[in-house]
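Structure record follows, encoded as structure tokens.
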Amino acid sequence: MTCSRRTFLSVAALSGLAGCATADRTAVAPQSAFVQGSGGVLLHYLDFGGRGTPVILLAGAGNSAWVYEDFGRELARDYRVLALTRRGHGESGYPATGYSQDTLAEDLRLFMEQRGLARTALVGHSLAGAELTNFAGKYPERVTALVYLDAAYDRSTQGAVDMADPVTPTAASADDRASVESFISYVHRTRPDLARYWTRAVQRDLQASIAIRPEGGAGWKTSNAIFGELIGGVSSAPPEYSKVTAPALAIYSIEDSSYRLPANASREQQEALTAFTNGPEATWRGASIEQFRNGPNRLVVEMDAGHHMFLHRPEETRNLVRSFLARHARR
């Protein structure tokens, strides 16, 4: 196991509460299917099978259920696991509007009803943290436990942090947009965070999330308008953790982000990124952690891993999730 001392201590503290995957449960490929969400919008999901406490995995903005393909299969050795793709993403429907947190909560509620789930644990990555908090606040009786994968942040203060980030994304060229395959190659070239753990799950998620756009050329199926509505909804106010009564685990990524710089980065670029990482980014994370901790049954773990920790450090992440759910998630 490769992890920071802080992460190791957290895993050790939890490990006595849950065993490893049982040998007689074999991970199988998930079943891909659809249900109807609010307003009849089709929602794509993956059913990983498994037995025991139900667990629903929610992906971050821009990702689909497929990003959990490997993680979900392993988790299903011990739990009943499904992964839902929110509207406007992947293979789900793309209505022009209707991306408020309340609408997403209704989608999740309807999904649970159609799958016969009275109560479930929720695991969410990145922006899905807002969906976990909102749903658990609205329907406390439907939630057994919450796990935030680098997701428990105050998005109402994120704008200033993003503005201070010295690393700017590389725009796709016309050649990059020539086909879905060339756009995936562009993502591989310009997203070192994903390139270093480029698994089948990443590839399958991109295939579900990229298409030839109506205006021509390959690009993200999720439009800027959809992203804007999602971001606007989560950034309008701080998270209402006070309404959350379910036990909750928040795992935060604290990885050195120097990998984001090109190999030929200047000293000025390196110093600017270091100042940002140790300044605005660390301050925002620290404030978000304190907000999250201000409630009962809250556990915080800081992990030396990338933002997609379930891809970068799958075993460590899975062990933390398993152990927490074994103690707190009950049908």
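We count residues from 1, following the sequence as given.
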Nearest-0.5 Å distance that lies between atom [atom1] in [X] and atom [atom2] in [Y]:
X: L132; Y: L149; atom1: CG; atom2: CG; value: 9.0 Å
X: Y148; Y: L299; atom1: OH; atom2: CG; value: 13.0 Å
X: L230; Y: R86; atom1: CG; atom2: CZ; value: 6.5 Å
X: L104; Y: E131; atom1: CG; atom2: CD; value: 4.5 Å
X: L46; Y: Q31; atom1: CG; atom2: CD; value: 10.0 Å
X: I231; Y: Q158; atom1: CD1; atom2: CD; value: 6.5 Å

Please check: side-chain N/O of [X] versus main-chain N/O of [Y], any donor-acceptor pairing under 3.5 Å?
X: R322; Y: L75; result: no
X: K221; Y: S209; result: no
X: E74; Y: F71; result: no
X: R119; Y: T144; result: no
X: T157; Y: D154; result: yes
X: R142; Y: L117; result: yes

Is the shortest heavy-atom distance from the side chain of [X] to the side chain of [Y] under 4.5 Å?
X: L108; Y: L122; value: yes
X: W66; Y: Q207; value: no
X: Y186; Y: R177; value: no
X: L82; Y: R80; value: yes
X: L273; Y: R260; value: yes
X: H308; Y: D150; value: no
X: V123; Y: I56; value: no
X: V55; Y: V147; value: no

Candidate pair R313 and D304, rule salt bridge (Lys or Arg N to Asp or Glu O under 4.0 Å), full reasoning: CA-CA 9 Å; R313 298 281 186 259; D304 184 5; 5.2 Å; no
Set of side chain to side chain donor-acceptor pair (under 3.5 Å) partners for Q114, sequence neighbours left out: none
Pair H125-F310, side chain to side chain contact (heavy atoms under 4.5 Å, CB included): steps then yes or no: CA-CA 9 Å; H125 173 243; F310 58 95; 3.6 Å; yes
W220 vs F227, ring-ring contact (aromatic ring centres under 6.0 Å, His included): CA-CA, chis, key distance, verdict: CA-CA 11 Å; W220 301 109; F227 276 127; 8.0 Å; no
Ring-face cation contact, F292 with R298, 6.0 Å cut, 45° max: yes
Chi angles and distances behind the salt bridge (Lys or Arg N to Asp or Glu O under 4.0 Å) call for R51, D78: CA-CA 7 Å; R51 293 177 292 175; D78 297 285; over 6 Å; no
Evaluation steps, ring-ring contact (aromatic ring centres under 6.0 Å, His included), between Y45 and F34: CA-CA 6 Å; Y45 72 95; F34 294 86; 7.9 Å; no
CA sep, side-chain torsions, deciding dist, call: Q203, I184, side chain to side chain contact (heavy atoms under 4.5 Å, CB included): CA-CA 8 Å; Q203 184 77 18; I184 291 177; 4.1 Å; yes
Exceeds 12 heavy-atom contacts within 6.0 angstrom, atom CD of Q270: yes
CG/N294: more than 12 non-hydrogen atoms of other groups inside 6.0 Å: no
Donor-acceptor side-chain pairing of S257 and T277 below 3.5 angstrom: yes
Donor-acceptor pair between D256 and S258 side chains, under 3.5 angstrom: yes
Test side chain to side chain contact (heavy atoms under 4.5 Å, CB included) applied to T222 and Y94, step by step: CA-CA 8 Å; T222 307; Y94 286 74; 4.2 Å; yes
Partners passing salt bridge (charged side-chain N to carboxylate O under 4.0 Å, His left out) against R109 (at least two apart in sequence or in another chain): E106, E113
Matching residue for H44 among S32, S92, S64 - test: side chain to side chain donor-acceptor pair (under 3.5 Å): S32
E229/T97 under side chain to side chain contact (heavy atoms under 4.5 Å, CB included): CA gap, chis, key distance, verdict: CA-CA 8 Å; E229 192 170 343; T97 59; 4.1 Å; yes
All pairs passing ring pair (Phe, Tyr, Trp, His ring centres under 6.0 Å) where residues 255-291 contributes a residue, at least two apart: Y153-W284
Verdict with supporting geometry, S179 and S182, side-chain hydrogen bond (donor to acceptor under 3.5 Å, both in side chains): CA-CA 5 Å; S179 67; S182 62; 3.2 Å; yes
E315 and R318: CA distance, side-chain angles, deciding distance, salt bridge (Lys or Arg N to Asp or Glu O under 4.0 Å) verdict: CA-CA 5 Å; E315 183 179 355; R318 196 165 56 246; 5.6 Å; no
